[in-house]
Amino acid sequence: MTRRQLLLASSGGLLAGGCLPSRRNADARTTLRYMAWGNPEQLALERALADTFEAQNPDVRVHLFLVPGSAYQDKLQLMLASRTAPDVCRVDHYLFPALVKKDYFLCLDPYISQEPADFLDDFTPIALDECKYKNKIYAMNVLFGGIQLYYNKNLFSEANSINPMQQFKTGNWNWDDFTRSAVALTKKDGERIAQFGTTFPPFPMFMSVIWNRGGDFFDKNRERFTLASDPNAVQGIQDLADLRWKYHCAPTPADAALSAFTFESGKIAMHWGWSGETPRFRKNIKKFDWDIAPVPSGPAGNATVVKGNQLIVYKESKNPDSAWKFVKFMTGPIAERKLGGELRRCVATRRSIQSDPTYLKSDKPPFQTEVFLDAVRRGRILPIDARYQEWAPVFNSATDALFNVGTLSVRDACKSATDRINALLSGEEGF
C-alpha cells in the first residue's frame, strides 16, 4: 500500500467503503476486520504488522478499517449498538469503562487460560489493570504510555539555564523548580510575549500535579467528587492556574490561536505531552534540538499519568479464535518493538521488551528514552470510570472561566465543579 493511499484512508476517503484489503490473495481465508485510527506513520506500520500476521497465519486475512480520529468514537458506538462492529477494535480508554459494561466485548479469560501459565506475567500490571472489568480481562493494552516533558534544548542553552533532565538527575526537579524554569524561559518582545516557558497541561493530563500535592478528585469509593473539600487538590488547581495568570509563563487559548505557540514552532521551552507525540515531533522539528524529561514531583510524591487504548474482540464476532490470535500478535513482541521501539508511538507493555537494552537505543530524538519507562514506573491510572464521558465535560465547563479566561477564582471553580458533578452522579446514568 502506498503512502498516498494511507493518507487518503486516514482522512476519511475510505470511510464509506470501510476497509483496506490486504495485499495478499484472499482465497478461502478467514477475513478479520480491524478498526483503528491514527497518524499515517502509525497506520502504515500497523498495515505492515497485519501483513506479517497474515504471513504467519496463511488462513487469515486482515481488513484494516480506518476511521478519522474525530469521528472514531461516534462510529464505534454506532457499530456496536447496531451489531455491525468489526471483529477487532481499538477503544480509547476514555471510553472503555463505559462500553465494557454494555456487554459488547468478549471476555478474554478463556483464551488467556489456554496460554502458558506465565503469559500475563510479562505485561506491566498497570497496563493490564486498564483492561479489566469485574476482575476479568476484556482487552489487551496497546498504544500505552505516560506523560513527560518535551523540552527545547536550544532555548535552555541560549538562556544559560539548566535543562529539565539535568535538574532531574541532580534531584532538583519539583514543582517549584519547574515553575522557576518556565518563568526564566518566558521572553518578551516589548509588551508582547514572544516565547513561553511551558504549555498548559489540560485535564486529565495535569492529574499528576494534583496527586503530587497529595490531593485527588474522588473519595476512596469513587462515589463522590471531593475536589472542593480537599485542600491539597485545591492547591494543585491553584498551581496550574498560576502558570497562566500569576506567572504568565504558559500561553492562553487566545495566545495559542492559529498555532502561534506550539512546541514545533520553537517558541515553547517545555511541553507536557504523551509519548505518542514523538513521531510527529520527529517529522516536523528540523530547526532545533529537543529531548524529554520526567514531569516534576511534588511534596507528596512523583506520580505521573499513564493511559493506553484497549484492543477488544467484538462479542458477536464470527471469528473469535482468529481475532484473539490477532490481538495477541498486536500486543506481542514484534508489534511492541516496532510501535514502541522504532516508531516511539507508545511504550511497550511487555517487561521483556522494556528490559531489552536495545529497546532504549535511539539514533534520533528523543535520546533520553529511559524517561518513557520512568513515566510508566511512576504511573498512576486516571480517574476514568463508566461515567467519565458525562462528568469530564462538566469539570471542563466549570473550570473554563478559571483556566482559559481568568475570570473565576480557584475556590469558586472547584466548588462549581464539585457541586455540578455530584448532582450529575446522583442521577441516572446518561451515557
Side-chain angles (χ1 to χ4, degrees), residues 72-74 76-78 80-81 91-105 107 126 129-136 138-139 201-241 300-301 303 305-310 312 315 379-431:
Y72 190 91
Q73 178 173 303
D74 291 340
L76 174 64
Q77 292 180 83
L78 176 63
L80 289 169
V91 181
D92 197 306
H93 188 61
Y94 292 128
L95 194 60
F96 178 79
L99 293 181
V100 68
K101 66 181 297 185
K102 296 180 184 294
D103 202 28
Y104 290 138
F105 308 151
C107 178
I126 197 170
D129 289 344
E130 282 193 341
C131 302
K132 293 179 180 178
Y133 175 62
K134 293 184 176 180
N135 294 318
K136 295 182 178 181
Y138 284 84
F203 176 77
M205 189 183 289
F206 66 52
M207 281 304 300
S208 65
V209 181
I210 308 300
W211 295 330
N212 292 337
R213 272 287 178 189
D216 212 335
F217 276 6
F218 284 91
D219 61 17
K220 291 182 179 180
N221 296 323
R222 292 195 53 79
E223 295 175 348
R224 298 284 296 172
F225 196 78
T226 57
L227 169 60
S229 59
D230 185 335
N232 293 319
V234 172
Q235 183 58 54
I237 296 294
Q238 183 71 64
D239 290 340
L240 290 159
V305 170
V306 293
K307 189 187 80 68
N309 295 169
Q310 278 65 62
I312 65 96
K315 189 174 184 179
R380 183 168 167 180
I381 290 180
L382 287 165
I384 299 173
D385 54 18
R387 303 195 69 177
Y388 177 83
Q389 297 292 326
E390 297 177 76
W391 67 259
V394 174
F395 174 81
N396 286 327
S397 174
T399 56
D400 180 72
L402 166 65
F403 287 144
N404 297 331
V405 187
T407 57
L408 191 66
S409 72
V410 167
R411 193 155 297 279
D412 286 346
C414 291
K415 185 177 187 309
S416 175
T418 301
D419 291 346
R420 291 169 62 180
I421 290 173
N422 282 329
L424 170 75
L425 297 178
S426 67
E428 293 285 332
E429 184 174 342
F431 182 78

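Keep in mind that what you see is a predicted model, and the values were worked out from it rather than measured.
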query: Hey, mind stepping through Asp129 and Lys132 against salt bridge (charged side-chain N to carboxylate O under 4.0 Å, His left out) and telling me if it holds?
result: CA-CA 6 Å; Asp129 289 344; Lys132 293 179 180 178; 3.7 Å; yes

- request: For Asp230 and Ile210, run side-chain contact (heavy atoms from CB on, under 4.5 Å): C-alpha distance rounded to whole Å, both residues' side-chain angles, the deciding distance at 0.1 Å, then the answer.
  value: CA-CA 10 Å; Asp230 185 335; Ile210 308 300; over 6 Å; no

message: Using the rule given for side-chain contact (heavy atoms from CB on, under 4.5 Å), can you reason through Ile237 versus Thr399, listing the C-alpha separation, both sets of side-chain angles and the distance that settles it, and then say yes or no?
response: CA-CA 10 Å; Ile237 296 294; Thr399 56; 5.8 Å; no

message: Between Gln77 and Leu95, is the side-chain contact (heavy atoms from CB on, under 4.5 Å) condition met? List the steps.
response: CA-CA 10 Å; Gln77 292 180 83; Leu95 194 60; 4.3 Å; yes

task: Take Leu382 and Val305, measure what side-chain contact (heavy atoms from CB on, under 4.5 Å) needs, and give me the verdict at the end.
output: CA-CA 7 Å; Leu382 287 165; Val305 170; 3.6 Å; yes

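Atom CZ of residue Arg224 and atom OG of residue Ser426 lie 7.5 Å apart, to the nearest 0.5 angstrom. The distance from atom CG of Leu99 to atom CD of Gln310, rounded to the nearest 0.5 Å, is 10.5 Å. Asn232 CG to Asn212 CG: the interatomic distance, rounded to the nearest 0.5 Å, is 11.5 Å. Expressed to the nearest 0.5 Å, how far CD1 of Ile126 lies from CD1 of Ile381 amounts to 4.5 Å. Within the model, atoms CD1 of Ile384 and CE of Met207 stand 10.5 Å from one another, a figure rounded to the nearest 0.5 Å. Atom CD in Gln235 sits 10.0 Å away from atom CG in Leu240 (nearest 0.5 Å).
Between Lys315 and Asp103 the shortest side-chain heavy-atom distance falls below 4.5 Å. Between Asp92 and Lys307, the closest side-chain pair of non-hydrogen atoms falls below 4.5 Å.
When all heavy atoms of Arg213 and Asp239 are compared, the closest pair comes out as NE-OD2, 2.7 Å. Among all heavy-atom pairs drawn from Glu130 and Gly308, the shortest one is OE1-N, 3.0 Å. Considering all non-hydrogen atoms of both residues, Ala398 and Arg420 come closest at CA-NH1, 3.5 Å. Counting all heavy atoms, side chain and backbone alike, Ala98 lies closest to Ala386 at CB-O, 3.4 Å. Residues Trp211 and Pro383 approach most closely at CZ2-CD, 4.3 Å, considering heavy atoms. The minimum heavy-atom distance linking Glu429 with Glu390 is given by the pair CG-OE2, 3.5 Å.
Side chain of Ser416 to main chain of Asp412: no donor-acceptor pair is present (N/O by atom type, distance under 3.5 Å, no hydrogens or angles). Gln389 places a side-chain N or O within donor-acceptor distance of the main-chain N or O of Tyr94, the cut-off being under 3.5 Å.
No close placement of the Phe217 and Trp391 rings is indicated, their centers lying 6.0 Å or farther apart. You'll find the ring centres of Tyr133 and Phe105 outside the 6.0 Å limit.
Within a 6.0 Å radius of CZ in Arg222, more than 12 heavy atoms belonging to other residues, nucleotides or ligands are found. In the displayed structure, Asn221 atom CG is contacted under 6.0 Å by more than 12 heavy atoms of other residues, nucleotides or ligands.
The aromatic rings of Phe225 and Phe218 sit perpendicular to each other, their planes meeting at more than 60°, with 30° as the lower class boundary.
Put simply, the residue from Pro204, Pro393, Pro97 that forms a side chain to side chain contact (heavy atoms under 4.5 Å, CB included) with Tyr388 is Pro204.
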